[in-house]
Amino acid sequence: MFLLESPPPENPDPLFFLSLGMGSAIYFCVWLLEQDGLRVPPFDQHPDGDGSLRSSGLTAETWRTWMTRTALLIDQRRLWRSDLFAMETQEEQLFAFEQDQQAISAVYPDLELPPFDAPALTEQLDRHTVWQDEQFEKIQAALRSVYGETTPPDVFAGDEELAAWQGVPAVTERLHELRSEYPFAERERSWVTYQVDRETGNPSIEEMAIDTERLPELVRSHWERLGVLELHLIAYPYLIEYAIAPNAIVLSLSPDPVAFRRLIAIDELSPTIKLTQM
């Protein structure tokens with residue numbers, strides 16, 4: 001997941017979290033449609049597949065429910081109170097900011113930096129903490145609208161692609177079979193160009209197929225209403241912009257290098273939670 005700077009330095013209000021990434025769980029949901037041939041608008045432009053999931057009982061309605069639940073379960077806000085992703089204490093953050101400023105001044109003595117203002121920074125950190133708590137409660141409310149008082153599945157426990165699935169055993173069995181065949185790395189390459197480090201031999205992302213620097217500008221008018229926007233990049237034969245309430249959009253690659261001009265799906269995201277419990 002690629003976290004873009006939030007809020008941008010030139011406009012600190014309102015606070016906003018924008019993430020962009022290629023999550024295997026969302027990828028997998030769409031890839032299955034192509035393998036089976038099930039068409040669920042707007043994912044209805046792929047050729048007919050083997051029909052194995054449809055014959056087992058998968059329908060457009062159950063697929064949409066699964067896709068929505070998957071987006072909720074992998075929402076980054078769920079981690080904001082996790083011990084595994086615990087943030088530094090405020091005192092530690094203040095100390096780190098001050099140390100960073102001193103380090104920069106030592107390397108660039110002629111650079112004029114504003115004086116370290118601990119009270120002002122403390123106020124900003126307090127504000128951000130309150131905002132994070134509010135966003136965490138929003139995703140919890142969205143999950144309760146789907147799962148009620150039942151504890152949602154732990155999508156981060158190693159079963160990300162199928163954690164949100166609830167359906168007939170025949171479909172479940174076929175999903176597990178297809179999961180073992182799922183070519184995630186191959187599909188991811190449609191969005192990124194890799195280079196290999198000559199010393200370590202490890203791949204690293206060299207370039208993405210979109211201009212990520214323009215994203216904050218393109219979603220600026222929606223910041224205050226949404227608070228959080230998660231963009232899931234997928235491979236699909238045609239341009240797709242699919243909104244999943246309350247805060248996610250699924251995008252397929254467009255031949256247009258500035259495809260994000262057409263982020264019209266963002267207008268479909270509701271400021272209120274409208275999800276049904278099954």
Closest non-hydrogen atom pair, [X] against [Y]:
X    : Y    : result
R39  : P47  : NH2-C, 3.4 Å
A235 : V30  : O-CG1, 4.4 Å
H46  : L38  : NE2-O, 2.8 Å
P42  : Y242 : CD-CD1, 3.4 Å

For this session: Give me the ring orientation class for W66 and F28: parallel if the planes are under 30° apart, tilted from 30 to 60°, perpendicular past 60°.
Result: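 If you compare the ring of W66 with that of F28, the planes turn out perpendicular.
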
Exercise. Any luck finding a side-chain donor-acceptor pair between R69 and Q166 under 3.5 Å?
Worked result: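 Indeed, the side chains of R69 and Q166 share at least one donor-acceptor pair under 3.5 Å.
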
Exercise. In terms of side-chain heavy atoms, does T68 have a donor or acceptor partner in T65 at a distance below 3.5 Å?
Worked result: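 No, no side-chain donor-acceptor pair sits under 3.5 Å.
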
Exercise. Mind checking what makes side-chain hydrogen bond (donor to acceptor under 3.5 Å, both in side chains) contact with S55, not counting sequence neighbours?
Worked result: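 side-chain hydrogen bond (donor to acceptor under 3.5 Å, both in side chains) list for S55, sorted by chain: empty.
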
Problem set entry | Results of side-chain hydrogen bond (donor to acceptor under 3.5 Å, both in side chains) for D44 - residues two or more places apart only |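 With neighbours one apart ignored, the set is empty.
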
Exercise. Can K138 and D75 be counted as an ion pair, charged N to O under 4.0 angstrom?
Worked result: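 Looking at K138 and D75, the cut-off is not met.
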
For this session: Would you mind checking if E177 and R174 are paired as a salt bridge, meaning a charged N to carboxylate O distance below 4.0 Å?
Result: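 Here R174 pairs with E177 in a salt bridge, since their nearest N and O are under 4.0 Å apart.
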
Exercise. For the residue pair F17 and W80, is the inter-centroid distance of their aromatic rings smaller than 6.0 Å?
Worked result: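 For F17 and W80, the ring centres are under 6.0 Å apart.
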
Exercise. Can you list the residues that meet the side chain to side chain contact (heavy atoms under 4.5 Å, CB included) rule with S56, with sequence neighbours excluded?
Worked result: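 S56 satisfies side chain to side chain contact (heavy atoms under 4.5 Å, CB included) with A170, V171 only.
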
For this session: Kindly say whether L73 contributes a backbone atom to a donor-acceptor pair with the side chain of R78 at under 3.5 angstrom?
Result: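 The answer is yes, because a donor-acceptor pair under 3.5 Å joins these two groups.
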
Exercise. Just by modelled atom types, is the L53 backbone N or O under 3.5 Å from a matching donor or acceptor in the D36 side chain?
Worked result: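 Yes, because the side chain of D36 sits within donor-acceptor range (under 3.5 Å) of the backbone of L53.
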
